[in-house]
Every structure is written in structure tokens, then in C-alpha cells.
Amino acid sequence: MRDDIDYTFEYAERLSGPVPEYLREVERQTFLKTMAPQMLSGQLQGRLLALLSKLSAPKNILELGTFTGYSALCLAEGLPPGGRLHTIEGNPETAFWARKHFASSPYAKNIQLYVGQAKALLPDIPGPFDLIFLDGDKRGYPEYFDLLIDQLRPGGLLLADNVLWDGRINKPADQDPDLIALRKYNDLLADDSRVETVVLPIRDGLSVARRV
Ligand SMILES: C[S@@+](CC[C@H](N)C(=O)[O-])C[C@H]1O[C@@H](n2cnc3c(N)ncnc32)[C@H](O)[C@@H]1O
């Protein structure tokens, strides 16, 4: 049953824009062509990612979990001319769609897509980074934090999606391995003086941390 939260979310989403036409097309194609279109960030979170990126004007972005390219294209909006966005996708089928979507966007020349497992590919991707977005392989978040924190420039942003995991994060009896890893990630950031963090209860929970 729909409740007030659904209506409030839709209201907030409607007021968050404008959304470029090529992104609307990415969303349409993702719903037509993939089995789990709800993985895409969507309008509200996408506009927040674009805004955070524009505010921090990152020259070098790393994204883990491309899916069909929606969030990468949102983050790319903040790149200065010549800026780079590196994005990793483990599923070759969704990477196929992402490649098409990047090619028909204004950021074709700025985005490099890597297909394969993130842990294997990370050492090949040239840092340091001004903005990092974690949005794939939730169980790996704590390890990605350890691997990447020294690759994040002072003042840079570390964003991570799904950190509230469908409202289940705060229920200690729920011992799903994804939840255990996400709790560990949230605690790592809260206890680490190298970052200042805000957890936003938007969508599935977005953690926004700034490297001190
Ligand atoms: C939630 S989706 C990403 C959504 C996308 N960032 C967006 O907002 O449109 C997560 C993606 O991460 C990919 N993924 C999961 N584990 C991965 C890994 N270990 N290495 C690379 N990609 C991975 C999945 O195949 C999936 O496409």
C-alpha cells in the first residue's frame, strides 16, 4: 500500500531537476532492457549526485557499479573540461548498455568504462580521485574504504549508496551478510577522523563523506 512517504518522495522528485533528456532516455531504456531497473539511481538521487559533483568540481572521479550508466552520467555533469570519470561494471550485459548510453551523451570523451571485478581492476585505475561513488558489491564496502581512502584527495567526496539497506540497517537481529558489511562500513566512517560524514535517508540511504 502506498503511504505518505511515497507521496512525499514523488513530490520531492518532481521538484528536483531539470533532468537532461539523454538521462530520461537512459532511464526509459533501462526499464525496457534490463531485469532489475530499480538499481538505477533515479531522478532524486541522480540530481543530488549531479549537484554534489558540480559543487566539488572533481577532475578525476571513480565509480564502482556502473549498471546502465545513469549515476555516472549524473556525476559527469560536474567534471571540468578534460576531467575524467572511471567507472567499473562487473556484468558485461549491463556494461554493453552503459557504453551505448555514454556514447550518446555529452560526456563520451570523459568517461572510461572498465568491465570486470572491481577489486581486480582498481590497481589499474589512475588516482588520486576527487570524488568516489561506491554503488556495487556492498559486501566489499569496508575493504574499498581501506583501499581507497588514501587515494581520495583532501576535500574530496566519498559517496556510498544503499547504506540504510531498505530500512533494515538498524535492526541488529537481521544478520544478512550485506547488512553486516554495510554496518561495518558506516561504523568505519563514523569512527575515522580522516573523514566527516553525513548519512542521508534518501532512497536506500546515501552516505556523503568528505576527506578532511
Ligand atoms: C546498484 S547497481 C549500480 C547502479 C548505478 N550506479 C546507477 O545508479 O545507475 C550495482 C552494479 O554493480 C555491479 N557490481 C556488483 N559487484 C561488482 C563488482 N565486484 N565489481 C564490479 N561491478 C560490480 C552490478 O553488476 C550492478 O550493475
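Whatever order the structure lists ligands and atoms in, that order sets their numbers, starting from 1.
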As an exercise, identify every atom of ligand 1 less than 4.0 angstrom from a heavy atom of [X].
{"X": "S41", "result": "7 (C), 8 (O), 9 (O)"}
{"X": "G90", "result": "21 (C), 22 (N), 23 (C)"}
{"X": "Y70", "result": "9 (O)"}
{"X": "Q117", "result": "18 (C), 19 (N), 20 (N)"}

Among all protein non-hydrogen atoms, which one is nearest to atom 15 (C) of ligand 1, and what is the separation to 0.1 Å?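 Residue, atom and distance for the closest contact: D137 N, 3.5 Å.
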
Could you tell me the residue and atom name of the protein heavy atom closest to atom 12 (O) of ligand 1, and the distance to it rounded to 0.1 Å? G65 CA, 3.3 Å

Quick one: which of T30, N91, L64, D135 has a heavy atom closest to atom 4 (C) of ligand 1?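 The option holding the nearest heavy atom is D135.
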
Note: heavy atom closest to atom 27 (O) of ligand 1, options E93, K138, K119, E89, belongs to E89

Using the side chain to side chain contact (heavy atoms under 4.5 Å, CB included) definition, which of the options I111, L79, N110, T87 pairs with I61? L79

Between ligand 1 and G116, can you find any atom pair, the residue atom being a heavy atom, that is separated by under 4.0 Å? yes

Below 4.0 Å from any atom of ligand 1, is there a heavy atom belonging to E63?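 So E63 counts as touching ligand 1.
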
Got [X] and [Y] here, is their nearest side-chain heavy-atom distance under 4.5 Å?
{"X": "M39", "Y": "D135", "value": "no"}
{"X": "K171", "Y": "L179", "value": "no"}
{"X": "L44", "Y": "R203", "value": "no"}
{"X": "T30", "Y": "H101", "value": "yes"}

When you look for heavy atoms under 4.0 Å from ligand 1, do you find them on the side chain of D161, its backbone, both, or neither? neither

Any nitrogen or oxygen of L40, side chain or backbone, less than 3.5 Å from one on ligand 1? no

Is any N or O atom of A118, backbone or side chain, closer than 3.5 Å to an N or O atom of ligand 1?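 Yes, since at least one N or O of A118 sits under 3.5 Å from an N or O of ligand 1.
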
Does I149 offer a backbone N or O that forms a donor-acceptor pair with the side chain of R211 under 3.5 Å?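 Confirmed, R211 side chain pairs with I149 backbone.
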
Is the F145 ring parallel, tilted or perpendicular to the Y185 ring (thresholds 30°, 60°)? perpendicular

Using the rule given for side-chain contact (heavy atoms from CB on, under 4.5 Å), can you reason through Q29 versus L32, listing the C-alpha separation, both sets of side-chain angles and the distance that settles it, and then say yes or no? CA-CA 5 Å; Q29 291 301 322; L32 283 173; 4.2 Å; yes

